[in-house]
Amino acid sequence: MSIQARVLQLIRQQHEISQAELRFQTGLSASAISGAVRRVQSLGLIHEVGSLQEALGRPRTLLSLNADYAYTVGIQLDVQQSHIVLSNLRGKVVHKAQLSHAGLIPAQIAEDVAHFISEVSGHRIVGIGLAVSGIIDAERGVCLDSATTVGWQNVPIGPVVAERTGIATSVENDANALALAEMLFGEARHDRSFIVVTLGKGIGAGIIIDRKLYRGRTGVAGEIGHLSVSSAASYRCSCGKTDCLEATASSRAIACALSERLGVPVPPEHLRETLQNEPDVAQDILGHAGTRLGAVLAVLATVFDPDALYVAPEQSLHLPAFQQAVTTAFQSGVLPLCRAGTNLRFLAESEDMWARGAASVAIERFFGTAVQA
Ligand SMILES: [Zn+2]
């Protein structure tokens with residue numbers, strides 16, 4: 001990594017930083033640092049934001065990222081409705097909208113994105129990020145397989161959107177995108193290694209090791225929803241197996257189990273309400289699902305020994321009874337070897353967090369090429 005890229009990375013990570021602190025953190029000379037700062041500043045990517053007066057010596061000028069230098073667009077693709085946001089370089093959403101698709105036709109999605117961009121004209125847009133649930137070839141921008149959500153196979157959505165808009169477009173698995181957003185702007189800002197487990201219709205995980213996203217050899221890393229948990233699952237999983245975590249602990253599985261017990265169908269939009277109105281049945285079903293999920297989280301904690309594990313449940317499963325079951329199984333499953341105890345936290349879902357995650361993917365890509373690497 002060049003000195004300029006390192007300097008820019010440190011300035012991004014810390015809100016405000018002086019050249020003296022940059023010297024201290026990199027071990028580089030004053031002239032090397034001031035040269036790199038000057039070059040990054042001449043690009044407009046950083047600016048001076050005041051000074052720090054210490055007891056002795058000259059006041060130190062503080063540098064900060066010029067967060068509004070440019071913007072990225074983030075889209076969370078979903079069957080019924082996709083969220084789209086415009087974000088500055090610090091992940092602050094400055095404009096958002098919802099896209100209703102009549103079927104998920106790539107050319108139509110590209111058209112919708114182009115329309116959104118025309119509505120926010122006046123902003124310099126340096127990248128587009130798309131988050132899709134499924135297996136993604138991030139290098140080529142192709143959705144290889146998204147059985148549970150959008151039903152795509154080998155769809156080159158990245159190139160289609162890039163072609164229509166003329167803007168670099170990145171495609172990423174949604175759990176990976178969320179993990180990246182948490183690392184850059186969220187709860188995991190200070191973690192070196194962590195895992196974000198997403199829990200909705202499907203179950204996935206974004207794995208960050210040493211502040212880098214780990215996708216695995218073919219993009220399958222983190223597909224924990226298809227781990228066998230050896231229990232009577234609610235249905236045959238989309239992958240063909242019958243003992244998947246996803247078929248036991250996803251919101252779809254929980255709704256299935258609930259429908260069976262109550263003898264009436266429970267549509268997704270009534271899941272939370274029904275669980276709250278039927279506390280005894282809910283306790284049973286959430287206990288069973290939470291125990292399976294907690295055990296898998298304990299395996300992740302043992303395999304990766306991360307700083308923290310974050311669980312991001314969809315709104316309908318953001319329930320104390322569920323969290324309790326997950327936490328109890330997690331704690332009893334973690335090896336006593338993990339002496340310091342792995343931090344397990346639950347993230348509350350917000351409306352645009354997924355789209356913001358997608359925008360983060362484009363932000364990260366932009367900074368990867370903003371200065372000579
Ligand atoms: Zn499966």
Side-chain angles (χ1 to χ4, degrees), residues 8-9 11-17 40-41 43-50 62-78 81-101 109-132 141 157-158 161-162 164-172 174 176-189 196 206 213 312 315 347-371:
L8 183 56
Q9 193 180 43
I11 295 173
R12 283 176 68 203
Q13 270 169 21
Q14 285 153 58
H15 231 70
E16 295 172 346
I17 189 168
V40 180
Q41 205 166 4
L43 295 171
L45 289 168
I46 56 171
H47 52 193
E48 292 175 357
V49 287
L62 293 171
L63 299 161
S64 182
L65 179 71
N66 179 9
D68 295 314
Y69 167 83
Y71 297 80
T72 68
V73 172
I75 304 119
Q76 174 216 7
L77 277 185
D78 210 339
Q81 208 167 45
S82 295
H83 290 272
I84 185 165
V85 300
L86 182 71
S87 158
N88 77 2
L89 296 178
R90 272 214 196 279
K92 183 181 167 204
V93 172
V94 295
H95 195 83
K96 57 181 165 182
Q98 288 179 357
L99 308 175
S100 302
H101 316 291
I109 291 166
E111 209 52 54
D112 291 346
V113 174
H115 178 73
F116 176 81
I117 289 171
S118 71
E119 283 189 330
V120 295
S121 63
H123 296 85
R124 183 202 327 235
I125 296 172
V126 292
I128 297 171
L130 284 143
V132 191
I157 184 65
V161 173
R164 173 65 185 85
T165 58
I167 297 170
T169 302
S170 314
V171 186
E172 190 54 88
D174 58 353
N176 287 352
L178 186 61
L180 212 48
E182 291 302 322
M183 176 182 87
L184 295 176
F185 317 115
E187 298 279 327
R189 277 192 310 284
V196 174
L213 184 61
Q315 199 57 37
L347 302 172
E349 187 181 40
S350 68
E351 192 191 48
D352 48 23
M353 84 180 192
W354 297 97
R356 184 170 172 256
S360 308
V361 175
I363 292 171
E364 196 62 356
R365 176 173 168 160
F366 166 70
F367 280 115
T369 55
V371 295

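This is a predicted model, so every value here is computed, not measured.
- What you find for I17 and Q14 is that their closest heavy atoms are CD1-OE1, 3.3 Å.
- Once rounded to the nearest 0.5 Å, the distance linking CG of L86 with CD1 of I128 reads 10.5 Å.
- Between A181 and S360, the shortest heavy-atom contact is CB-OG, 3.3 Å.
- Taken to the nearest 0.5 Å, the CD atom of E364 stands 11.0 Å off from the CD atom of E172.
- Take Q315 and apply the side chain to side chain donor-acceptor pair (under 3.5 Å) test, not counting sequence neighbours, and it matches no residue.
- Sorted by first and then second residue, the salt bridge (Lys or Arg N to Asp or Glu O under 4.0 Å) pairs involving residues 354-363 (not counting sequence neighbours) form an empty list.
- Enclosure of atom NE2 in H115 is not indicated, since only 12 or fewer non-hydrogen atoms of other residues, nucleotides or ligands lie within 6.0 angstrom.
- Cation-pi contact between R90 and F185: absent, since separation from the ring centre below 6.0 Å together with deviation from the ring axis within 45° is not met.
- Side-chain atoms of E187 never come within 3.5 Å of backbone atoms of E182 as a donor-acceptor pair (strictly under, hydrogens ignored).
- Residues L65 and F367 meet the side-chain proximity criterion, which asks for heavy atoms closer than 4.5 Å.
- The salt bridge (charged side-chain N to carboxylate O under 4.0 Å, His left out) search around D352 returns K96, not counting sequence neighbours.
- Note that the NE2 atom of H83 and the CD1 atom of I75 stand 12.5 Å from one another [nearest 0.5 Å].
- Pairs passing the salt bridge (Lys or Arg N to Asp or Glu O under 4.0 Å) check and including a residue from residues 62-77, sequence neighbours excluded, do not occur.
- Among all heavy-atom pairs drawn from A359 and T72, the shortest one is O-OG1, 3.1 Å.
- The aromatic ring centroids of F116 and H95 lie less than 6.0 Å from each other.
- Atom CG of residue D112 and atom CG of residue L99 lie 5.0 Å apart, to the nearest 0.5 angstrom.
- Although no hydrogens or angles enter the test, the distance criterion places no donor-acceptor pair under 3.5 Å between the side chain of S100 and the main chain of Q98.
- In this structure, V113 and V161 approach most closely via the heavy-atom pair CG1-CG1, 4.3 Å.
- With values rounded to the nearest 0.5 angstrom, E48 atom CD is found 12.0 Å from N66 atom CG.
- At least one donor-acceptor pair under 3.5 Å links the side chain of S64 to the backbone N or O of H15.
- Nearest heavy atom pair, residue A70 against residue V126, reads CB-CG1, 3.6 Å.
- Annotation: salt bridge (charged side-chain N to carboxylate O under 4.0 Å, His left out) contacts of E111 (sequence neighbours excluded): R164.
- For S82, the side chain to side chain donor-acceptor pair (under 3.5 Å) partners are H101, not counting sequence neighbours.
- Of the candidates I363, V94, V73, I363 is the only one forming a side-chain contact (heavy atoms from CB on, under 4.5 Å) with S87.
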| request: Just do the side-chain contact (heavy atoms from CB on, under 4.5 Å) check on L184 and R12 with the steps written out, would you? | output: CA-CA 9 Å; L184 295 176; R12 283 176 68 203; 3.7 Å; yes
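- For the atom pair L89 CG and R124 CZ, the distance stands at 9.5 Å (nearest 0.5 Å).
- Of all heavy-atom pairs spanning A110 and T165, the tightest one is O-CG2, 4.5 Å.
- Remark: side-chain polar atoms of S170 are not paired, donor with acceptor, to backbone N or O of A362 under 3.5 angstrom.
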